[in-house]
Amino acid sequence: MPELPEVETVRCQLEPMVVGSTIISGRAHPSPKFAEASDATGYRIRCLERRGKYLLFALTNSVDDKGGYSERQLVVHLGMTGALYVNDSLPDDPYQRASWTLADGRHLWFRDVRRFGRIAVVPANDYRSLPTLHRLGPEPFDPALDAAVFHSSLTKSRRRIKTQLLSQRPIAGIGNIYADEALWRARIHPGTRRVGLERADRLLEHLREVLSESLQHGGTTLRDYRKPDGDTGRNQKRLDCYGRGGLPCRRCGSQLVVQIFDQRTTTRCVICQRR
DNA sequence: ACTGTAACCTGCAGGC
DNA sequence: TGCCTGCAGGTTACAG
């Protein structure tokens, strides 16, 4: 479900609700994917950040009376069906995978039907237990990411362009929806294995465009994605390519076709996106 | 080091 | 109505 615009929307809504709060207890589903949630107990949430599709709660904890403290991060990945909520009382929900009680009595909790999400508590900035985060590419809006850098990064692999976008290596935060949307806008065949500087530049521009437009509309809700306030996003109405297989291309009127690349369903225009 | 593939989960839509 | 199959926004371990 959640790609960068959805995760950023969650971060924006959640941050003012939890920053400054101290976690007084934590409970988690026994799966090793969630069990670490309780390790956040005793820490205060200093701020809520995001890298790619990962939410990073910066945690701080006074460890002695001489002003010593330890810094950790609570890392939450929403997977396909994850959502975070804050409530005065903890609801009885069969898909609740973790919950944290805050000092003022409220509860932060994680709902994840498919259990593809992940929760970890790590020493600050030590992501060795989360390989994708550990080797995560630059943020899409990082000014240091320009066409030359992007192109050079893409050149380091011979995998299909779409597979590279999904790998989180050349750029962070792209998933199946925005990969298809940006490739459609840039008129690039998703199965291409080599792109020149000019097409890399165009692709980067369109990636930034689809992400910022979606962000403006609160993200894309296909089925599960919810903001912490329970609302859906509104970007789903604006998709040009993803989910429109069999329908005419909005640019040229040709048919959009669906095919599988590296086991991910892909939609593209047979005319606009030729090899 | 790189590449491709299967696996992890649950619910739902569509076909018969 | 019920059963079966395939599919879903992602990451990771593993084999070659």
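These numbers come from the heavy atoms of this one structure, side chains and all, not from hydrogens, waters or symmetry mates. In what follows, chains are A, B, ... by sequence order, proteins preceding strands, each numbered from 1.
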Under 3.5 Å for both distances, Watson-Crick or G-U wobble, that's the pair rule; now give the dot-bracket for DNA chain B, with | marking pairs to another strand and [ ] for crossing ones.
.|||||||.|||||||
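Across the interface with DNA chain B, nearest-nucleotide mapping of Asp262(A) and Arg135(A) shows Arg135(A) to be the residue nearer the 5′ end. In terms of position along DNA chain B, the nucleotide closest to Lys156(A) lies nearer the 5' end than the nucleotide closest to the other residue of the pair Arg223(A) and Lys156(A).
Taking side-chain N and O atoms only, Lys53(A) has a distance below 4.0 Å to OP1 or OP2 of dT11(C). Under 4.0 angstrom from either OP1 or OP2 of dT11(C) there lies at least one side-chain N or O belonging to Gln168(A). For Ser157(A) and dC2(B), the shortest distance from a side-chain N or O to OP1 or OP2 is not below 4.0 Å. Phosphate proximity of dT11(C) to His77(A): present, with a side-chain N or O under 4.0 Å from OP1 or OP2.
Of the candidates Arg268(A), Lys162(A), Arg264(A), Lys162(A) is the only one forming a salt bridge (Lys or Arg N to Asp or Glu O under 4.0 Å) with Asp180(A).
In this structure, CD1 of Ile260(A) is placed 16 Å from P of dG4(B), rounded to the nearest angstrom. As a whole-Å value, the separation of Asn176(A) CG from dC7(C) C1' is 12 Å. Rounding to whole angstrom units, CD1 of residue Ile119(A) and P of dC8(B) are separated by 21 Å.
Counting non-hydrogen atoms under 4.0 angstrom, Lys33(A) reaches nothing in the nucleic acid. Within 4.0 Å of Tyr178(A), counting heavy atoms only, lies no atom of the nucleic acid at all. Within 4.0 Å (heavy atoms only), Gln263(A) reaches at least one base atom of the nucleic acid. Residue contacts for Arg158(A): at a heavy-atom cut-off of 4.0 Å it reaches the sugar-phosphate backbone alone, with no base atom in range. Within the nucleic acid shown, Arg159(A) comes within 4.0 Å of at least one base atom, counting heavy atoms only. Among the protein residues, Arg160(A) comes within range of no part of the nucleic acid, since none of its heavy atoms lies under 4.0 Å from any strand. Heavy atoms of Thr265(A) sit under 4.0 angstrom from primed sugar atoms or phosphate atoms, though from no base atom.
A gap of 14 Å separates the P atoms of dA6(B) and dG6(C), to the nearest Å.
Ring-plane geometry between Phe110(A) and Phe34(A) is classed as tilted, the angle between the planes lying from 30 to 60 degrees on a 0 to 90 degree scale. In this structure, His77(A) and Tyr54(A) have perpendicular ring planes: the angle between them is above 60°, well past the 30° mark.
With hydrogens and angles ignored, the 3.5 Å screen pairs no side-chain donor or acceptor of Gln73(A) with any backbone N or O of Leu56(A). Of the possible donor and acceptor atoms, one in the side chain of Glu3(A) sits under 3.5 Å from a partner among the backbone N and O of Ile177(A). With hydrogens and angles ignored, the 3.5 Å screen pairs a side-chain donor or acceptor of Arg106(A) with a backbone N or O of Met17(A).
For Arg115(A), counting side-chain heavy atoms from C-beta on, the closest listed nucleotide (dT11(C), dT12(C), dC9(B)) is dC9(B). Across dG9(C), dG4(B), dT12(C), the shortest atom-to-atom separation from the side chain of Leu130(A) is found for dT12(C). Closest to the Arg264(A) side chain, of the nucleotides dG9(C), dA8(C), dC8(B), is dG9(C).
A cation-pi geometry, defined here as NZ or CZ lying under 6.0 Å from the six-membered ring centre and within 45° of its normal, does not hold between Arg250(A) and Trp184(A).
In the interface, the side chain of Arg114(A) is paired with the base of dC9(B) through a donor and an acceptor atom under 3.5 Å apart.
With a 4.5 Å cut-off on side-chain heavy atoms, Arg223(A) and Met80(A) do not count as touching.
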